[in-house]
Amino acid sequence: MKFSQSFIPTTKETPAEATLPSHQFLIQAGFINQEGAGLYNFMPLGKRVLDKIRAIVKEELDRAGCLEVQLGFITPLELWEESGRASKMGLEMLRIKDRKQNNYVLSPTNEEAMVKLVKNRITSYKDLPINLYQIHTKFRDEARPRFGLLRGREFLMKDGYSFHDSTEDMQREFALMEATYRTIFTRLGLEFRVVDADSGAIGGSGSKEFHVLAKSGEDTIVVCDGCDYAANIEAALRGIKQYNKQALEKSKVETPNLTTIEEVSKFLNIEAHQTIKAVIKKAIYETQTQIVIFFVRGNDELEETKACNAINALELVDATHEEIEAVGLKAGYVGIEGLPHGTLYKIDKELYCETNMVCGANEVNYHLMGIDTPNDETLYADLIAVQEGDGCSCCGGTLSHTKGIEVGHIFQLGTKYSSAMKAEFLDANGKSKPFVMGTYGIGVSRLVAAIIEQHHDEKGCIWSKESAPYDVHIIISNAKKDQELEAGERIYEALKEVGIQTLLDDRAKERFGFKMNDFELIGIPYAIVVGKKLEQGVVEIIERKSLTSIEVSLERAVSTMQEKLG
RNA sequence: CGGAGUGUAGCGCAGUUUGGUAGCGUACCUGCUUUGGGAGCAGGGGGUCGAAGGUUCGAAUCCUUUCACUCCGACCA
């Protein structure tokens, strides 16, 4: 493509609203532009990158035996009522009405639609397994879109769904998809981790996320320095911790106006790990709300996703003072013993049958010392956030936190949707069974930004070979000189001839420095500069990543590029 | 959804306190010069000042309402 005939509006100034490198550079270099909150247009360069990523995803999925389809973007609301997700998805699902006042939604994901597609069309175990996917627009009405393409409302996602006659076969496919995803992200040149994850609103049992490691990541990832254990903080586990405790006589002590763990432990001269902290939340269920207490060790923090899962709530929100008092709780003095009758509570599993602890007395200005926790497993659940420096539950190594951008998520769904929607097949014994399902997602447009978050410098984008909009960027130093222009065009034609995708900067009105800056901003892997050395029959080849250059003869330009691009 | 802020030329901004002819930089167009790190000079085009209502002889500026966008937080498969 000739620059002079393309549409690549680069700008000198960084957009004020963009805070992240990916957001700034993608706008500045003319890849995308913003149309509204969380809504982006892809201009020619951006579209090319998107298509390259899409092509790699498709190639690897097809190789793994998946079948591409395309579902309607707008789906009837009834479809979501059938599975019970109409209420569970909440406001993220954008609802619209047609002229007849019928209700529709802009699809945020497609489990229901895909189950419906297969239902009554695949009816025998002989036709299983099957894995269907699409790469299509999704819409989620995010409460607060931000970070450019990383958290937009409209985005391009690959979503795949597999159907099986047994859990074992679904797990085989799950492992195949993990391997396929690893190949895809490796081809894109990304440094990533596969982590254990929470399944969230999709549901199901086993779930793994693929995270591109980058400072700007929204998720906290727990990694081990001794083995390859990695998990999202929402699902991370740790090894058992040992604590020294002092002997305490069971007693009630006055603790006037001391409501925090820090104050109480200092006042009683007891380490925070010998105290029990009560975190009070309001749990929201589909038809009601309830105040709930989570007890964790004084030096631990509550992990809200774990807590939410422990009581099967839709979500947890902070409880107000009035709400806490209304159910008879004394904020700052809540303890396990003597709770008002009927109070819902959970205790962290690390406190199971713990002895000699300190916690609130459920009475203002009093705490209890020498408390033992109850011997009833149903009261316990994993509730705490793994901290940096904790031990690994697999190998005993040290755990630390890092930030990741979630670019893929694979789920072992089971029969959650097939049962709800009565999507069944006949097995070898002629018995009717619901499909066992897996579901697999990749954020395709998010990857465009994730690649730049991981690969940029202060001057602009640095695309990896397989994601770059073009392979080579020819810069004609002064396109008003016929000699330079002709030499540039000859190299351009020769590169095209051997299948190398090339952008030829033939703009006559721009000077050398301007074009160099555009090259560095756009971030194509290599530039060929046709300029002052041309009279000696020499051009420069610059590698974008290192910004180092070598000189080669005009004749060797094409073959050198072929070697470098492999 | 809570808190804060911003809407003025394609983009980045000043002007609003104290009402009085719509500004600057950049980009764009024309011409001349320049030509390896975002060129110089000269000339030029481009605006319902986010929208609606109000006060006033007169509103970008004051008042009311509303919409949009951004940031912090909550939330986020």
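Computed from a predicted model, the values in this text were never measured in an experiment. Below, chain A is the first sequence line, B the second, and so on; all start at residue 1.
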[N] and [M]: how far apart are their [atom1] atoms, nearest whole angstrom?
| N | M | atom1 | result |
| --- | --- | --- | --- |
| B:C57 | B:G12 | P | 38 Å |
| B:G7 | B:C49 | P | 15 Å |
| B:C28 | B:G38 | P | 16 Å |
| B:U8 | B:G50 | P | 6 Å |
| B:G15 | B:A59 | C1' | 14 Å |
| B:A60 | B:U16 | C1' | 7 Å |
| B:G53 | B:U61 | P | 14 Å |
| B:A9 | B:A14 | C1' | 14 Å |

Should [N] form a Watson-Crick or G-U wobble pair with both distances under 3.5 Å, which nucleotide is its partner?
| N | result |
| --- | --- |
| B:U35 | none |
| B:U66 | B:G50 |
| B:U30 | B:A42 |
| B:C76 | none |
| B:C71 | B:G3 |
| B:U17 | none |
| B:C24 | B:G12 |
| B:G58 | none |

| Of A:Ser477 and A:Glu209, the one whose closest RNA chain B nucleotide lies more 5' |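 It is A:Ser477 whose nearest nucleotide is closer to the 5' end.
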| task | Could you pick out which residue, A:Pro15 or A:Leu534, lies toward the 5' side of RNA chain B when each is mapped onto its nearest nucleotide? | result |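 So the residue in question is A:Pro15.
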| By side chain to side chain contact (heavy atoms under 4.5 Å, CB included), which residues pair with A:Pro76, not counting sequence neighbours? |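 Counting only residues at least two positions away or on another chain, A:Pro76 forms a side chain to side chain contact (heavy atoms under 4.5 Å, CB included) with A:Tyr104.
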| request: Would you please name every residue forming a ring pair (Phe, Tyr, Trp, His ring centres under 6.0 Å) with A:Phe519, sequence neighbours left out? | output: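 A:His473.
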| task | Applying ring pair (Phe, Tyr, Trp, His ring centres under 6.0 Å), name anything that partners A:Trp463, two or more places apart in sequence or on another chain. | result |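 A:Trp463: ring pair (Phe, Tyr, Trp, His ring centres under 6.0 Å) contacts with A:Phe31.
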Around [X], counting heavy atoms of other residues, nucleotides and ligands shown, do more than 12 lie under 6.0 Å from its [atom1]?
| X | atom1 | value |
| --- | --- | --- |
| A:Lys281 | NZ | yes |
| A:Gln288 | CD | yes |
| A:Glu78 | CD | no |
| A:Glu262 | CD | no |
| A:Gln5 | CD | yes |

Would you mind reading off the distance between [X] atom [atom1] and [N] atom [atom2], rounded to a whole angstrom?
| X | N | atom1 | atom2 | result |
| --- | --- | --- | --- | --- |
| A:Leu91 | B:C75 | CG | P | 15 Å |
| A:Gln24 | B:G12 | CD | P | 13 Å |
| A:Asn33 | B:C69 | CG | C1' | 14 Å |
| A:Ile476 | B:U35 | CD1 | P | 19 Å |
| A:Phe7 | B:A27 | CZ | P | 18 Å |
| A:Glu154 | B:C76 | CD | P | 23 Å |
| A:Glu13 | B:G25 | CD | P | 13 Å |
| A:Asp219 | B:C75 | CG | C1' | 13 Å |

Nucleotide N/O of nucleotides 71-74 of chain B paired with protein N/O under 3.5 Å:
unit_1	atom_1	unit_2	atom_2	d
B:C72	OP2	A:Arg144	NH2	2.4
B:G73	N7	A:Arg144	NH1	3.2
B:A74	N6	A:Arg146	NH2	3.4

| message | Is a donor from one side chain sitting under 3.5 angstrom from an acceptor on the other, for A:Ser207 and A:His409? | response |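 Side-chain D/A pair, A:Ser207 to A:His409: present.
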Would you confirm whether [X], through its side chain, and [Y], through its main-chain N or O, come within 3.5 Å as a donor-acceptor pair?
| X | Y | answer |
| --- | --- | --- |
| A:Ser107 | A:Phe73 | yes |
| A:Arg446 | A:Leu150 | yes |
| A:Lys515 | A:Ile474 | no |

| query | Say you draw a straight line from CD of A:Glu154 to CG of A:Leu94; how long is it, rounded to the nearest 0.5 Å? | reply |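 Between atom CD of A:Glu154 and atom CG of A:Leu94 there are 11.0 Å.
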Under 3.5 Å, which N/O atoms of the protein pair with N/O atoms of nucleotides 38-42 of chain B?
unit_1	atom_1	unit_2	atom_2	d
B:G38	O4'	A:Asn517	ND2	3.4
B:G38	O2'	A:Lys12	NZ	3.2
B:G38	N2	A:Asp518	OD1	3.3
B:A39	N9	A:Arg511	NH1	3.3

| field | Closest contact, heavy atoms only, A:Asp382 versus A:Lys306 | value |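 Answer, listing the atom of A:Asp382 first, then A:Lys306: OD2-NZ, 3.0 Å.
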Listing time: all N or O pairs from protein to nucleotides 44-46 of chain B that are below 3.5 Å?
none

| Is A:Glu540 touching bases, backbone alone, or none of the nucleic acid, heavy atoms closer than 4.0 Å? |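 Base: the residue A:Glu540, judged by heavy atoms under 4.0 Å, touches a nucleobase.
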| query | Nearest to the side chain of A:Phe512 - B:G37, B:C76, B:C11? | reply |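 When the side chain of A:Phe512 is considered, B:G37 is the closest of B:G37, B:C76, B:C11.
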